[in-house]
Amino acid sequence: MIAKPVIAKPVIAKPVIAKPVIAKPVIAKTGTTKAVPLAEGFGADIQGVDLSQPVSDADRGTIYRTFLDHRVIRLRGQDLAPDNVLDASRILGPDLEAHLFKQFHHPDTPLIIILSNRRDTKTGAEKGLKNGGAFWHHDVSYKPEPAKATMLYAVEVPDEGGDTIFCDMTRAYDELSDDLKDRIAGRTAIHNYGYLKREIFTSGQAEVPPDCRHPVVRTHPETGRKALYINPSYTVRIEGLEEAESDALKQKIFEHCLQEKYLMHYKWQAGDVVAWDNAASMHTATTDKLDPAKYRTLWRTIVSGGPTM
Ligand code: SIN
């Protein structure tokens with residue numbers, strides 16, 4: 001059984017300091033629903049939608065538009081059953097996919113994976129994937145058809161620690177030097193789930209899919225904006241370059257992306273629903289640093305994407 005949400009004390013996500021390239025102010029409003037930027041140009045809070053109830057077409061449109069414009073969306077104060085989480089995820093795309101780790105699928109549906117550091121009090125068995133994303137990545141970039149969106153619903157959160165950090169790969173691309181833009185223009189890169197050696201591989205929990213390839217710069221199929229689409233955890237090599245040259249180029253690009261001005265540190269509250277656009281951002285959990293005496297349980301869905309461009 002997943003514990004009922006503990007209402008954590010409200011903490012506002014730390015704002016990004018730098019100026020945006022494109023700042024969208026408060027955007028589409030439908031009835032009492034509105035979207036307010038969390039940090040200028042990256043991340044928005046959608047207010048006035050109860051995801052445990054049927055969501056009107058107009059509100060679905062607002063949520064989707066906000067997702068495209070702001071790349072990370074947050075709806076606070078939700079109290080959701082698994083079906084509500086699936087319905088909410090389908091606002092972002094019709095097809096959801098199950099995670100590779102079957103042992104942590106929600107008992108009601110394989111389309112939700114449980115991220116949790118809780119253990120069964122009797123057997124000691126892990127109740128969820130405890131540290132599945134504490135490394136910079138785009139979700140599912142290790143498959144030819146990567147994730148379009150990811151949604152997390154916070155069931156319980158610690159009073160400190162366990163934040164998720166997002167990186168705005170659209171703005172990072174926009175502000176990349178012309179020299180680096182030229183060096184990656186038209187290039188592709190190889191991605192592999194097992195590139196970054198992690199505990200899960202030695203424990204035999206994960207099957208590693210074969211290598212796949214994606215453009216280093218993706219043009220978003222809906223917004224038309226370009227974003228960097230390599231990440232430190234799954235991107236093995238930029239094709240057409242010697243390994244050392246590829247490593248050095250990746251390193252330069254990651255140093256650029258991981259400047260504080262492109263990051264948003266997200267502090268969770270129980271009842272938060274957060275979703276992000278994987279074509280336009282990368283992220284990392286910080287669960288590797290979480291005090292084991294503090295509990296964090298989130299439900300996660302993946303919205304499948306289309307072919308990358
Ligand atoms: C993920 O990488 O999808 C999960 C992020 C988190 O647990 O904060």
Side-chain angles (χ1 to χ4, degrees), residues 2 5 8 11 13-14 38 43 67 71-76 85 88-89 92-93 96-101 104-106 110-118 126-143 146-169 191 193-196 198-200 205-206 229 231-235 257-258 263-292 294-305:
I2 300 297
V11 183
K14 191 174 144 192
L38 275 180
F67 163 79
R71 307 187 267 295
V72 182
I73 55 171
R74 190 267 303 283
L75 295 93
R76 192 143 258 189
V85 174
S89 304
L92 305 178
L96 308 185
E97 67 185 56
H99 193 275
L100 294 175
F101 291 175
F104 298 130
H105 288 171
H106 190 287
L111 298 178
I112 293 177
I113 184 168
I114 298 173
L115 308 180
S116 182
N117 58 343
R118 279 203 179 267
E126 292 180 332
K127 287 189 149 187
L129 183 58
K130 104 170 162 257
N131 195 20
F135 44 86
W136 284 105
H137 62 287
H138 298 82
D139 285 321
V140 199
S141 78
Y142 51 81
K143 285 192 187 166
K148 174 182 182 186
T150 306
M151 183 174 280
L152 293 180
Y153 168 55
V155 176
E156 61 173 344
V157 298
D159 56 0
E160 63 176 5
D163 298 359
T164 305
I165 310 174
F166 296 95
C167 177
D168 186 345
M169 297 297 265
H191 293 238
Y193 190 53
Y195 176 58
L196 182 73
R198 293 181 277 134
E199 197 190 322
I200 48 168
Q205 284 175 303
Y229 197 69
N231 60 70
S233 309
Y234 301 145
T235 307
C257 295
L258 295 175
L263 306 184
M264 176 178 59
H265 296 249
Y266 190 75
K267 169 83 189 153
W268 290 92
Q269 281 186 27
D272 282 352
V273 167
V274 171
W276 58 88
D277 183 342
N278 281 294
S281 63
M282 66 173 179
H283 61 280
T284 180
T286 55
T287 41
D288 52 336
K289 299 180 198 79
L290 181 62
D291 176 348
K294 295 181 187 275
Y295 294 107
R296 180 188 197 260
T297 300
L298 307 177
W299 294 351
R300 177 183 188 266
T301 55
I302 288 288
V303 180
S304 302

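One-based numbering, in listed order, for ligands and for the atoms of each. Positions are given from 1, in the same order as the sequence printed here.
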Numbering as shown, the atoms of ligand 1 that approach A285 to under 4.0 Å (heavy-atom distance): 5 (C), 6 (C), 7 (O), 8 (O)

Considering only heavy atoms of G133, which atoms of ligand 1 have at least one such atom less than 4.0 Å away? 2 (O)

For ligand 1, does D139 get within less than 4.0 Å through its side chain, its backbone, both, or neither, judged by non-hydrogen atoms? side chain

Taking 4.0 Å as the limit for heavy-atom contacts, which would you say applies to R296 with ligand 1: side chain only, backbone only, both, or neither? side chain

Within-cut-off N or O pair, [X] and ligand 1, under 3.5 Å:
X	answer
W276	no
T164	yes
R300	yes
H283	yes

Which atoms form the tightest heavy-atom contact between P292 and N117, and what is the distance? O-ND2, 4.4 Å

Going from CG on D288 to CG on N131, what distance comes out if it is rounded to the nearest 0.5 angstrom? 5.5 Å

Give the C-alpha distance, both sets of side-chain angles, the deciding distance and a yes or no for side chain to side chain contact (heavy atoms under 4.5 Å, CB included) between V140 and E97. CA-CA 10 Å; V140 199; E97 67 185 56; 3.8 Å; yes

Can you classify the ring geometry of H106 versus W299 as parallel (below 30°), tilted (30 to 60°) or perpendicular (above 60°)? perpendicular

Once you measure the plane-to-plane angle for Y266 and W268, does it fall in the parallel (<30°), tilted (30-60°) or perpendicular (>60°) bin? perpendicular

With a 4.5 Å heavy-atom cut-off, do D168 and F166 have their side chains touching? no

Can you report which non-hydrogen protein atom sits closest to atom 4 (C) of ligand 1, along with the distance? L115 CD1, 3.8 Å

Ring centres of Y234 and H138 under 6.0 Å apart? no

